[in-house]
Structure formats: structure tokens, C-alpha cells
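For reference, the structure discussed in these notes is given below.
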Amino acid sequence: MTQLFHIDAFTSIPFRGNPAGVVLAADGLSARQMQDLARELKHSETAFVMQPRKGAQDEAHDVYIRYFTPTTEVPICGHATIAAHYARAVAMQLGSVELQQKTGAGVQRIRVERQADGDYRIVMRQGPLSFGLPLSAATRRAVAAALGLDDSAFAPGLPLQIVSTGHSKVMVPLRAGVALDAIVPDHAALAALSADVGCNGWFPFQLRACGTATDGRMFAPAIGIPEDPVTGNANGPLGAYLVRHGLMAHDGQLLRFQGHQGRALRRDGVVHVEVAIAQGAPQQVSISGGAVILFCAPLDLTRLAGTSSTPAAACPPAA
């Protein structure tokens with residue numbers, strides 16, 4: 001049975017964390033129907049969970065997932081992945097298990113951990129790391145203006161840099177004392193800059209004084225997301241950035257920290273990040289978190305029949 005879920009990810013408290021739509025047993029839906037559902041739900045992302053693909057070129061995997069914002073398909077989404085596997089674990093009453101998911105960003109390893117109280121924690125191993133070149137001085141000034149800041153707000157000596165673990169974000173390090181929650185971005189300017197730099201997400205962040213946590217916000221207006229509350233595909237790359245630039249202490253093998261996000265939207269949540277390290281360089285990133293189901297309902301696919309084509313006009317347009 002096809003089921004539709006509304007789930008808050010990276011939290012255990014309803015109405016906090018990052019809301020996502022999840023559709024289980026979505027194999028009968030066309031891409032256009034998925035896009036229509038994502039637009040109707042209005043979450044930053046909706047995940048559509050399907051049976052494994054059977055093509056000869058497909059790597060071994062247990063589930064196939066597609067992700068849609070209200071306006072476009074994206075290769076992968078961290079919080080919607082946590083939500084999708086949380087929904088699947090609850091619906092199937094899984095124990096602790098490891099599996100492989102196939103997405104537009106390749107194949108990722110997922111670990112479902114059943115807790116002592118029967119709840120679940122989902123761990124996602126993110127994709128290969130990549131780092132872009134530092135953004136130019138002119139682009140730094142344009143980013144500062146788009147965020148309503150000047151470039152003295154950026155942490156000195158650190159680059160604005162695109163980092164990816166499957167879906168790239170621009171890391172924007174802010175110096176201590178900058179009022180992160182007070183930032184009011186110019187969304188049109190950020191969207192234009194996204195086209196210029198080839199990256200749709202902007203992640204201004206700060207280090208907490210404790211040395212084991214960060215605060216961040218993520219803006220992606222170019223793909224219809226003015227602000228994303230809690231972002232696995234930003235906090236994961238942030239972990240790699242922290243290691244590469246020596247911003248947080250670690251034991252030489254593993255960095256663990258908590259990425260806090262969502263406070264400005266009253267949707268506080270936490271992404272738990274682990275970065276495997278070798279010879280001082282980041283090698284592999286994993287993110288994890290819990291979730292809470294607000295509701296689930298059966299999805300009647302017969303009611304969606306015919307939505308793959310444009311309906312005929314009720315009467316001809318005026319001449």
C-alpha cells in the first residue's frame with residue numbers, strides 16, 4: 001500500500017527539526033506526479049521510496065529513492081533520507097539493520113538503529129567528498145551584500161568554498177559576534193549568485209565556544225527553498241570543511257560534532273556528524289539523527305490517474 005507521511009527529522013519533538021514528506025511504495029507514480037505531490041506538500045523536500053532498480057548498470061541496493069523540492073528534482077537530501085528510513089523502519093517494524101539506497105547521487109550506506117525504547121536513529125553515510133576553489137574576492141563581497149552583511153562579517157583567513165558530499169553547498173564561515181539569526185538575505189541576489197558559482201545552497205555558520213558544536217542556516221532560493229530548517233547536506237560537508245581548515249580539535253582519526261540549525265525558524269534541530277580522517281584530511285562523512293511522525297495516511301493512486309498529462313480546458317480561451 002502506498003503511504004504518505006509527514007515527518008520532522010533531526011528532532012524527537014513535533015514541529016521542530018526539518019519537515020519532510022515521505023511516500024512509501026511510490027513505484028506507481030510518474031515523475032510528474034511526484035513533482036505535483038512535492039509542490040502540494042510544500043516541504044523543502046519529499047522522498048519517494050521505491051523497489052530496487054533492476055537495470056544491468058545499477059549497483060547493488062535495497063531501496064531506490066527520488067527527491068523533489070516544490071519546484072525540481074534534486075539528487076539527494078539529508079533530512080528527507082533520515083525521514084524516509086524512519087518511516088520505513090516504523091512501517092515495517094524493523095530491528096537494527098544496514099542497507100544500501102540508490103539515489104541520484106549514487107549509492108549510500110544506511111544504518112537503522114533500533115533504540116532500547118523502540119524508537120529509531122538513522123545513520124547515513126554520505127557520498128564522495130569534493131572541494132571547490134575558494135570564491136573570488138568579488139564574489140565574497142557579493143555574497144556578503146546578498147546576506148545583508150559586509151565582508152568583515154566573514155571569519156578572517158577562511159575561504160567561502162563549495163563542498164559536496166553528494167549535493168553541494170557553499171560554506172560561509174562567519175566570525176564570532178555576527179548575529180546569525182538576524183540575517184535577512186536577498187533571495188533574488190542569492191539565486192543569481194547560485195547561477196554564477198554553480199551551487200544552489202548557501203550555508204553561513206559559526207563555531208560554538210564549547211568546540212564540539214556549530215550553528216548554521218541554509219538558504220537555497222534558486223531551487224525554491226528560501227530557508228531550510230535543518231540540513232544534512234550542509235552539516236555533513238561542513239564537517240569536511242572543519243577538518244580541512246583545522247577549525248575543530250579531533251584525535252586524528254575521527255571528528256564528531258553537533259550541527260545545530262533551525263533556531264531562527266523556531267524549528268531547532270541537531271545533525272550528528274562524524275568525519276573519518278586519514279593523514280589529517282577528511283575521508284568520509286556520516287550524519288545521523290532521529291525523527292518524529294506527525295501523521296501518515298494511505299495515498300489513493302487512482303485519484304492521481306490522469307495527472308501525468310495536462311487536463312483539457314473546460315471551455316476554449318477567448319479569441
Side-chain angles (χ1 to χ4, degrees), residues 9-10 18 20 44-45 47 65-82 101-109 124-136 139-140 142-144 146-147 154-155 158-174 185 187 189-205 214 216-245 247 255 257 259 261 271 273-276 281-287:
F10 295 125
N18 201 346
S44 58
E45 278 90 5
I65 305 181
R66 296 177 71 174
Y67 303 85
F68 288 79
T69 78
T71 61
T72 190
E73 184 172 7
V74 294
I76 195 167
C77 169
H79 82 277
T81 296
I82 301 298
Q101 68 169 27
K102 183 176 178 64
T103 70
V107 174
Q108 299 84 37
R109 183 180 301 169
M124 173 188 178
R125 184 174 178 177
Q126 294 190 311
L129 288 169
S130 66
F131 292 85
L133 295 174
L135 300 188
S136 69
T139 302
R140 285 173 66 99
V143 172
L147 293 174
F154 299 144
L158 291 174
L160 272 64
Q161 186 174 27
I162 297 172
V163 186
S164 177
T165 54
H167 191 195
S168 64
K169 302 290 182 289
V170 182
M171 299 295 113
V172 183
L174 301 180
H187 294 299
L190 280 182
L193 283 165
S194 288
D196 290 342
V197 305
C199 181
N200 292 324
W202 303 87
F203 192 60
F205 72 90
T214 61
R217 296 176 69 185
M218 206 288 285
F219 308 107
I223 54 173
I225 305 171
E227 181 169 359
D228 195 42
V230 192
T231 315
N233 283 331
N235 284 283
L238 172 61
Y241 181 98
L242 296 178
V243 172
R244 186 178 181 105
H245 297 289
L247 299 181
L255 170 67
F257 73 96
Q261 198 182 333
V271 182
V273 184
E274 291 189 356
V275 185
Q283 301 296 311
Q284 181 68 59
V285 176
S286 295
I287 61 170

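Scope of the values below: all heavy atoms of this structure, side chains included, with no hydrogens, waters or symmetry mates. Quick caveat, the model's predicted, so the values are computed rather than measured.
Here the side chains of I65 and I76 are not in contact, with every heavy-atom distance at 4.5 Å or above. Side chains of M218 and K169 form a contact here, defined as non-hydrogen atoms less than 4.5 Å apart. In this structure, the side chains of H167 and V74 come closer than 4.5 Å at one or more pairs of heavy atoms. Counting heavy atoms from C-beta outward, F68 and C77 have side chains that stay 4.5 Å or more apart. Proximity of D228 to V230: side-chain heavy atoms (C-beta onward) are nowhere separated by under 4.5 Å. Counting heavy atoms from C-beta outward, Q101 and M124 have side chains that approach closer than 4.5 Å. Looking only at side-chain heavy atoms (C-beta outward), M171 and L238 come within less than 4.5 Å of each other. By the 4.5 Å heavy-atom criterion applied to side chains, H245 and Q161 are counted as neighbours.
Between Y241 and F205, a ring centre-to-centre spacing shorter than 6.0 Å is recorded.
No donor-acceptor pair under 3.5 Å is formed between the side chain of T231 and the backbone N or O of N233. Side chain of Q284 to main chain of Q126: a donor-acceptor pair is present (N/O by atom type, distance under 3.5 Å, no hydrogens or angles). Using a distance-only test at 3.5 Å, with no hydrogens or angles considered, no donor-acceptor pair links the side chain of T72 to the main chain of I223.
When every heavy atom of V273 is checked against every heavy atom of G239, the shortest pair comes out as CG1-CA, 4.4 Å. What you find for P221 and L190 is that their closest heavy atoms are CG-CB, 3.8 Å. The two residues A240 and V285 make their nearest non-hydrogen contact at CB-CG2, 4.3 Å. Nearest heavy-atom pair across I287 and G232 is CD1-CA, 3.6 Å. Contact record, G259 with N235: CA-OD1, 3.4 Å, taken as the closest heavy-atom pair. The minimum heavy-atom distance between V275 and P282, with the atom names listed, is CG1-CB, 3.8 Å.
To the nearest 0.5 Å, atom CG of residue N200 and atom OG of residue S194 are 5.0 Å apart. E227 contributes atom CD, which lies 11.0 Å from atom OG of S44 (distance to the nearest 0.5 angstrom). Separating the CG atom in L160 from the CZ atom in F154 is a distance of 4.5 Å, to the nearest 0.5 Å.
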Next on the checklist: Please evaluate residues I162 and F131 with respect to the criterion side chain to side chain contact (heavy atoms under 4.5 Å, CB included), reporting the C-alpha separation (whole Å), side-chain torsions for both, the decisive distance (0.1 Å), and the verdict.
Outcome noted: CA-CA 6 Å; I162 297 172; F131 292 85; over 6 Å; no
Item to check | side chain to side chain contact (heavy atoms under 4.5 Å, CB included) between W202 and V143, worked out | outcome: CA-CA 9 Å; W202 303 87; V143 172; 3.5 Å; yes
Checklist entry - Between F203 and F219, is a ring pair (Phe, Tyr, Trp, His ring centres under 6.0 Å) present by the stated rule, with each step listed? => result CA-CA 7 Å; F203 192 60; F219 308 107; 9.3 Å; no
Checklist entry - Can you check side chain to side chain contact (heavy atoms under 4.5 Å, CB included) on V163 and S130, steps first, answer last? => result CA-CA 6 Å; V163 186; S130 66; over 6 Å; no
Checklist entry - What do the steps show when you test N18 against I82 for side chain to side chain contact (heavy atoms under 4.5 Å, CB included), and what is the final call? => result CA-CA 10 Å; N18 201 346; I82 301 298; over 6 Å; no
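The number of heavy atoms from other shown groups lying within 6.0 Å of CZ (R109) does not exceed 12.
No side-chain donor-acceptor contact under 3.5 Å links R217 and Q261. S136 and T139 share a donor-acceptor pair across their side chains, judged by distance under 3.5 Å alone.
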